[in-house]
Protein chains: 2
Amino acid sequence: MASLTSGKTRPIRLADIAKAAGVSHGTASNVFARPEIVREEVRERVKAAAEAMGYAGPDPKGRLLRAGKVNAIGVATAEPLSYFFDDPFARVMMASISQACDATGAGISLVSAANNEQLAWNIQSALVDGFIVFCIEGGSRAVELARERKLPFVALDLDSEDETVSAIGIDNIAGAGLAARHLAELGHRRFAVLALESADAGFGPVTQEQVEASALYSGTRDRMRGYLAELSRFGIDVSQVPIYETLNDEKTVRAGLEHIFALPQRPTAILAMSDRMALDALDWLREHDITVPGDVSVVGFDGVPEGAVSKPPLTTVAQPIAEMGRLAVKAILEHDGSHQRLLLPVDLVIRASSGPAPA
Amino acid sequence: MASLTSGKTRPIRLADIAKAAGVSHGTASNVFARPEIVREEVRERVKAAAEAMGYAGPDPKGRLLRAGKVNAIGVATAEPLSYFFDDPFARVMMASISQACDATGAGISLVSAANNEQLAWNIQSALVDGFIVFCIEGGSRAVELARERKLPFVALDLDSEDETVSAIGIDNIAGAGLAARHLAELGHRRFAVLALESADAGFGPVTQEQVEASALYSGTRDRMRGYLAELSRFGIDVSQVPIYETLNDEKTVRAGLEHIFALPQRPTAILAMSDRMALDALDWLREHDITVPGDVSVVGFDGVPEGAVSKPPLTTVAQPIAEMGRLAVKAILEHDGSHQRLLLPVDLVIRASSGPAPA
DNA sequence: GAAATTCCTTGGATCGATTCAAATATAAGC
DNA sequence: GCTTATATTTGAATCGATCCAAGGAATTTC
């Protein structure tokens with residue numbers, strides 16, 4: 001019936017119910033935003049009109065423009081959206097970010113995209129008060145875009161040389177050093193490294209020089225430096241250590257292990273730059289009847305919860321993930337125009353995936 | 001230097017650079033929104049002005065109001081925000097929702113809150129084009145709030161009787177029936193049920209009648225009906241089946257098992273209304289040297305990936321989670337004013353946590 | 001009863017863009 | 001040179017609210 005009067009039903013605006021109730025739009029707005037300052041009789045009349053016309057309440061779109069603040073923070077990454085729910089590291093980080101947001105009543109918008117163009121658009125048009133940028137791999141593009149929005153933003157886990165971007169990261173060199181020393185002290189002398197991306201090139205065996213040369217992905221580079229510096233200290237010829245670069249997924253990790261274990265000198269210790277790789281490695285080794293830590297020791301990096309319940313439990317370099325998330329949210333919400341650059345300490349967590357080198 | 005002229009630096013607006021470049025704001029807008037229709041010379045001039053003044057690009061806040069569409073969907077739940085990243089079921093669902101969103105370029109806003117008041121505000125002020133409401137437990141409040149926004153929304157997994165809300169759910173009765181029959185056919189006769197909430201009351205042992213009486217939480221009620229109906233069919237006196245209601249967390253599941261295994265008649269089969277509970281149960285049983293499925297069989301509900309890799313792998317009633325997520329996004333984005341009510345089929349996945357009843 | 005308070009209400013300004021009909025400039029056609 | 005077609009640009013209107021200075025009515029004070 002009602003729809004007969006007008007073909008398309010324009011959504012009801014605050015002005016509509018103001019007119020219907022015979023008050024100014026200012027008063028109508030007050031009924032919703034500060035009900036205590038409007039006379040009860042009027043308030044009821046306006047509410048009744050709103051009810052009668054099926055008003056959905058003040059549209060946040062309108063409020064937003066006036067208020068200026070969205071009360072939400074964007075979490076951006078160059079990975080596809082599902083990364084936030086699939087990747088163990090991202091999940092722990094997101095859980096802590098969302099806890100911090102919950103505490104302050106801020107919402108979370110996930111910003112991401114498969115391709116670069118879409119990512120640019122999504123970051124440019126995200127309705128947020130600031131960004132937390134996940135820079136796990138190839139995030140520098142996202143950082144650039146976030147910077148262009150001129151909103152507060154923090155880069156996570158990007159050890160960018162650029163002092164003008166706020167960043168919260170960890171000491172990758174020291175962390176990698178802890179892992180390498182741990183294994184060396186257990187007597188291991190034949191190592192292999194499962195590396196994260198060092199360039200957008202893809203995956204496969206790489207040399208130390210290639211990793212070093214990559215200006216991007218300083219996390220990868222620094223972990224590599226940390227590993228190799230510490231191994232050298234134990235008199236190991238690091239030029240002989242095979243390095244295999246993966247895409248941090250099961251497929252390429254498996255390919256890497258196939259490669260590494262086909263070499264004449266099998267390693268007794270594997271340094272993996274992420275727990276995700278390390279856990280995939282444990283699976284592969286088990287399937288190939290290579291015992292851990294009997295034949296081969298494995299040390300991961302990140303400290304995700306899955307590592308505590310894997311078979312065997314994973315020795316790893318634990319990042320203070322929860323702390324990083326909390327600090328990132330704090331940095332956005334309490335942004336004062338300055339740039340923060342925090343380097344958090346890491347912690348070696350020794351579990352059962354590492355043991356003495358075989359005799 | 002620049003800041004000396006004005007104490008507070010108002011953000012630069014499109015109008016500012018239009019003035020600086022000596023063009024109308026209409027033209028300035030076109031430079032960013034439809035660059036191809038403005039003469040190159042002018043375009044460059046405007047861009048130069050924007051660059052010089054440090055313009056961050058058109059503010060989405062302004063665009064939003066004009067355009068009307070946010071291009072983001074809200075995912076709402078009455079649980080805290082971290083639920084999206086902690087809960088196995090939610091994670092799988094979110095992964096599929098985010099994949100569907102990625103494909104269409106839509107963003108995701110997570111909407112949630114610890115307390116009811118905050119939840120109301122968050123839902124009322126969320127900048128989204130529609131809602132997907134997670135109704136796992138006590139979600140009816142969120143559904144009400146979403147409905148008031150008069151935006152398209154879909155309830156997930158709420159088997160609400162209200163035909164006027166769009167919902168995508170599963171056949172809980174049939175699913176529960178599959179689980180119960182499977183165990184009964186394996187010879188089990190002594191059962192226990194780990195139930196989800198049936199009222200906001202909390203946790204503890206409950207009776208069949210109590211569950212039946214709860215108008216809320218129809219999912220819990222229907223799964224219970226499915227279990228008990230099928231067990232009756234095998235001649236089992238369902239009034240003797242202990243039912244323990246949990247909060248779907250480790251603590252209350254453990255309390256439930258303590259209770260159940262302290263009863264004079266120990267069960268040989270446990271029906272859990274969620275995989276999360278079932279997995280916690282497996283842990284508890286292992287710790288108490290009760291072998292699965294030798295002493296006790298366990299069947300879960302949901303079909304989360306963790307169930308495939310647990311010790312032992314979990315027999316469960318698998319929901320088509322990915323399909324549900326995809327359909328939910330589709331329902332929001334292609335909303336045509338009608339109400340969808342989809343009941344999807346479930347699937348019994350038999351793994352190693354269920355076996356013949358002990359002799 | 002006039003003046004001073006207090007309490008509500010009004011209507012215009014504003015937030016920052018987009019859109020579109022109309023105006024103007026430029027090029028093309030005869 | 002005049003008309004017609006095409007390419008750009010303009011400026012007003014709009015999106016949906018919030019905020020605030022100013023005005024009006026009711027109440028209190030002297």
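Below, all heavy atoms of this structure are taken into account, side chains as well, without hydrogens, waters or symmetry copies. Residue numbers begin at 1 in each chain, while the letters A, B, ... track the order of the sequences.
At the heavy-atom level, B:Tyr55 lies under 4.0 Å from the strands shown only through sugar-phosphate atoms.
Closest contact between the side chain of B:Arg66 and the listed nucleotides C:dC15, D:dT18, D:dT14 involves D:dT14.
In this entry the distance linking NZ of A:Lys61 with C1' of D:dT14 reads 14 Å, nearest Å. Between A:Arg34 atom CZ and C:dC8 atom C1' there is a gap of 12 Å when expressed in whole angstrom units. A straight line from CG of A:Leu64 to P of D:dC19 spans 13 Å, rounded to a whole angstrom. Between A:Phe32 atom CZ and D:dA17 atom P the separation is 9 Å, expressed in whole Å. Here the P atom of nucleotide D:dG16 and the CE atom of A:Met53 are 13 Å apart, to the nearest Å. A:Leu65 places its CG atom 14 Å from the P atom of D:dC15, with the value rounded to the nearest Å. To the nearest angstrom, P of D:dG16 lies 14 Å from NZ of A:Lys19. If you measure from atom CD of A:Glu36 to atom C1' of C:dC8, you get 13 Å, rounded to the nearest angstrom.
At a threshold of 4.0 Å, the pair B:Glu323-B:Arg326 counts as salt-bridged, since one of the basic side-chain nitrogens sits closer than that to a carboxylate oxygen. Here A:Asp16 pairs with A:Arg13 in a salt bridge; the nearest charged N to carboxylate O distance falls below 4.0 Å. The residues A:Glu51 and A:Lys47 are annotated as not salt-bridged, no charged nitrogen and carboxylate oxygen being separated by less than 4.0 angstrom.
Phosphate contact (OP1/OP2 of D:dA17, side-chain N/O of A:Ser29, threshold under 4.0 Å): absent.
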All N/O pairs under 3.5 Å across the protein-nucleotides 9-12 of chain D interface:
unit_1: D:dT9; atom_1: OP1; unit_2: B:Arg39; atom_2: NE; d: 3.3
unit_1: D:dT9; atom_1: OP1; unit_2: B:Arg39; atom_2: NH2; d: 3.2
unit_1: D:dT9; atom_1: OP2; unit_2: B:Arg39; atom_2: N; d: 3.2
unit_1: D:dT10; atom_1: OP2; unit_2: B:Ser24; atom_2: N; d: 3.0
unit_1: D:dT10; atom_1: OP2; unit_2: B:Ser24; atom_2: OG; d: 3.4
unit_1: D:dT10; atom_1: OP2; unit_2: B:Thr27; atom_2: OG1; d: 3.0
unit_1: D:dA12; atom_1: N6; unit_2: B:His25; atom_2: NE2; d: 3.3

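Donor-acceptor pairing under 3.5 Å is recorded for the side chains of A:Arg147 and A:Thr164. Defined by atom type and a distance below 3.5 Å, a donor-acceptor pair is missing between the side-chain atoms of B:Thr77 and B:Ser112.
Put simply, CD on B:Gln340 and CD on B:Glu334 are 9.0 Å apart, with the number rounded to the nearest 0.5 Å.
Taking the six-membered ring for Trp and thresholds of 30 and 60 degrees, A:Tyr83 and A:Phe134 have ring planes more than 60 degrees apart, a perpendicular arrangement.
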